[in-house]
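We name chains A, B, ... by the order of the sequence lines, and we start the count at 1 in each one. In this text, all values refer to a predicted model and were calculated from it rather than measured experimentally.
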Amino acid sequence: MKKNCDQDSQLSKQIVKWYLKNGRSNLPWRKNVTAYRVWISEIMLQQTQVKTVIPFYKKFISRYPNLKALSSANEEEILALWTGLGFYRRAINIYKAKEIILSDFKNRFPKSFDDIVRLPGIGESTAGAIMSIAYQIPYPILDANVKRVISRYESVDNDSTHKSNKKLWGLSNKHTPRKNIFSYTQGIMDLGATICHNSKPNCGVCPLQDDCKSAFKVIKSKKETKKQNPTKKINFVLARSNCSFLLFKKLEESFWEGLWTPLELDPNHPLPWKDDIETIEEINIKHKLSHLNLDIKINIYEYEKVFKLKTNEKYKWVNKSNIDKFGMPKPIKSIIEKL
DNA sequence: TAAACGTGGAA
DNA sequence: TTTCCAAGTTT
């Protein structure tokens, strides 16, 4: 994916110039740039807005400032830092990748695109971003910002089809400059995020306005089929004793896999532990995932003392003061914090 | 290859 | 309120 034209494109030059003056240079991952820090930020930023990522990034880097610090982490610790950020497979893939970096690369972040793109959780675009930003070796990227900026600039479809993505990869490659790759890569994303918005782009202040083929006319994406997500009813039972809560690690599920939640149990099914119930409280919440609408009911049972279970499932009594040490879905953590 | 994968910001 | 969708990758 290296460019082969003789000169950097006009678009790239305009973006570099704009970035140096108007870029968001105070983002935490743009300081002390290392491959490790770029990697963590790029993973967190996948399908996630900058504003959401910042506190998670700071917390993660503060706990694991470099590869050496991360190398001794276990999966649970990484998941715990991911709680609330979503797409938890990303955290598991960070764990897997650091194990590979330790075993295959002597705990040094790999330098070549081919090695980087083979790491779990890193695809074409993230690998390109790491090469361009951390090592300043030109590679194209294709995130939502680049797609939007380039599709408008060139007036081509941006409808998430295979055909359109392929076309956009080609154009991204064409516009990726040989000079100033750091500023270009950051700049095109900043431009997409701060000026070339999805709705109501601020074309009047855009550095590309003279050449942009879609200036002042927003290309609508054509997604006709907007089928609704199915709703799934979930019944949880949550045993509690003072400040300890009985949680189970979810396995082989279509959502929240690897996270700690109360036990999922059919409404008419008896409790799999002693049912000399002290008190009951029922909590109902609705929660949207990317592909499901969850209708959650949690029945809470209060016990004098914690007890052991006869079960093959992985469970723990987690004290409220320790919930930060476990990977948990946002709504479950919120409920326990309020109890 | 289309669907799976979380959460919250913004209009 | 609802709907869209964001620094994508994996299977």
Side-chain angles (χ1 to χ4, degrees), chain A residues 23-24 27-30 37-57 79 82-94 96-97 116-130 132-134 139-149 158-163 165-166 168-169 172 184-194 196-200 218 220-223 225-230 232 250 252-259 261 285-294 296 327-334:
Chain A
R24 298 176 292 181
L27 297 175
W29 44 88
R30 293 199 181 156
R37 290 164 57 95
V38 173
W39 169 44
I40 299 301
S41 71
E42 289 298 328
I43 300 298
M44 287 188 169
L45 286 160
Q46 286 169 359
Q47 299 286 283
T48 313
Q49 294 183 333
V50 165
K51 191 173 179 180
T52 304
V53 166
I54 289 174
F56 287 89
Y57 178 80
L79 272 171
W82 220 267
T83 292
L85 188 56
F87 284 146
Y88 297 96
R89 234 171 359 204
R90 296 183 293 178
I92 294 168
N93 280 333
I94 283 180
K96 289 178 180 165
I116 292 170
V117 80
R118 282 191 204 105
L119 294 171
I122 298 182
E124 293 280 317
S125 191
T126 299
I130 294 171
S132 295
I133 296 169
Y139 277 83
I141 63 173
L142 195 64
D143 68 331
N145 291 305
V146 175
K147 281 185 182 177
R148 200 163 53 248
V149 171
N158 178 17
D159 56 11
S160 300
T161 60
H162 177 69
K163 186 182 168 189
N165 280 334
K166 198 175 172 190
L168 288 170
W169 266 114
S172 174
Y184 167 77
T185 303
Q186 311 267 19
I188 193 166
M189 291 192 281
D190 281 2
L191 185 70
T194 65
C196 196
H197 303 115
N198 191 287
S199 61
K200 296 186 185 173
V218 183
K220 296 286 286 181
S221 65
K222 49 175 180 185
K223 282 181 191 154
T225 54
K226 45 187 173 186
K227 63 178 178 187
Q228 296 208 35
N229 285 335
K232 182 177 170 65
K250 268 173 84 74
E252 307 280 331
E253 291 283 348
S254 68
F255 60 97
W256 293 344
E257 183 173 346
L259 305 187
T261 68
I285 47 170
K286 293 182 188 303
H287 184 80
K288 288 182 191 302
L289 303 181
S290 56
H291 58 306
L292 285 175
N293 295 332
L294 299 182
I296 301 172
M328 296 175 61
K330 187 62 188 288
I332 301 300
K333 187 173 181 179
S334 300

Base, sugar-phosphate, or nothing for [X], non-hydrogen atoms under 4.0 angstrom?
X	answer
A/Ile122	sugar-phosphate
A/Ser290	base
A/Gly192	nothing
A/Leu27	base

Give the nucleotide from the list [options] with an atom nearest to the side chain of [X].
X	options	answer
A/Trp29	C/dA7, C/dG8, B/dT7	C/dA7
A/Ser199	C/dT9, C/dA7, B/dA11	B/dA11
A/Ala144	B/dA4, C/dA6, B/dT1	C/dA6
A/Tyr88	B/dG8, C/dG8, B/dG6	B/dG6
A/Gln186	C/dG8, B/dG8, C/dA7	C/dA7
A/Asn198	C/dC5, B/dG6, C/dA7	C/dC5
A/Pro329	B/dG6, B/dT7, C/dT9	B/dT7
A/Phe87	B/dT7, C/dA6, B/dG6	B/dG6
A/Lys330	B/dT7, C/dA7, C/dT10	B/dT7
A/Asp143	C/dG8, B/dA4, B/dT7	C/dG8

Judged by nearest nucleotide, the residue sitting upstream toward the 5' end of DNA chain B, A/Leu292 or A/His162, is A/His162

Could you tell me how far [M] sits from [N] if I compare only their [atom1] atoms? Round to whole Å.
N	M	atom1	answer
B/dG8	C/dT9	P	23 Å
C/dA7	B/dA10	P	12 Å
B/dG6	C/dT1	P	25 Å
B/dT1	C/dG8	C1'	16 Å

Check: Do A/Ile54 and A/Trp29 have side chains that get closer than 4.5 Å, going by heavy atoms?
Finding: yes

query = Is any side-chain heavy atom of A/Asn165 closer than 4.5 Å to a side-chain heavy atom of A/Lys147?
reply = yes

Taking atom [atom2] of [N] as reference, at what distance in whole Å does atom [atom1] of [X] sit?
X	N	atom1	atom2	value
A/Leu289	B/dA4	CG	P	12 Å
A/His287	B/dT7	NE2	C1'	6 Å
A/Ile285	B/dG8	CD1	P	12 Å
A/Gln228	C/dT1	CD	P	16 Å
A/Ile141	C/dG8	CD1	P	9 Å
A/Lys96	C/dT10	NZ	C1'	10 Å
A/Lys286	C/dT1	NZ	C1'	14 Å
A/Lys232	B/dA3	NZ	P	19 Å

- Query: Would you say C/dT10 has OP1 or OP2 under 4.0 Å from some side-chain N or O of A/Arg90?
  - Reply: no

Practice prompt. Compare side-chain N and O positions of A/Trp256 against OP1 and OP2 of B/dT7 and report whether any pair is under 4.0 Å apart.
Written response: yes

For [X] and [Y], indicate whether the former's side chain and the latter's backbone hold a donor-acceptor pair under 3.5 Å.
X	Y	answer
A/Asn229	A/Ser290	yes
A/Ser41	A/Val38	yes
A/Ser132	A/Tyr139	yes

5'-most contact on DNA chain C (nearest-nucleotide basis), A/Arg30 vs A/Gly121, goes to A/Arg30

Result for side-chain contact (heavy atoms from CB on, under 4.5 Å) between A/Pro331 and one of A/Leu294, A/Thr261, A/Ile285 points to A/Ile285

Heavy-atom closest pair (A/Glu42 atom, A/Ile133 atom, distance to 0.1 Å) is OE2-CD1, 3.8 Å

For A/Ile92 and A/Glu257 the tightest heavy-atom approach is CD1-O, 4.4 Å

Check: Is it true that the side chains of A/Arg90 and A/Gln46 contain a donor and an acceptor less than 3.5 Å apart?
Finding: no

Side chain of A/Arg24, base of C/dA7: donor and acceptor closer than 3.5 Å? yes

Numerically ordered, the residues 47-56 of chain A set in heavy-atom contact under 4.0 Å with DNA chain C is A/Gln47, A/Gln49, A/Val50

Rounding to 0.5 Å, atoms NZ (A/Lys250) and CH2 (A/Trp256) come to a distance of 7.0 Å

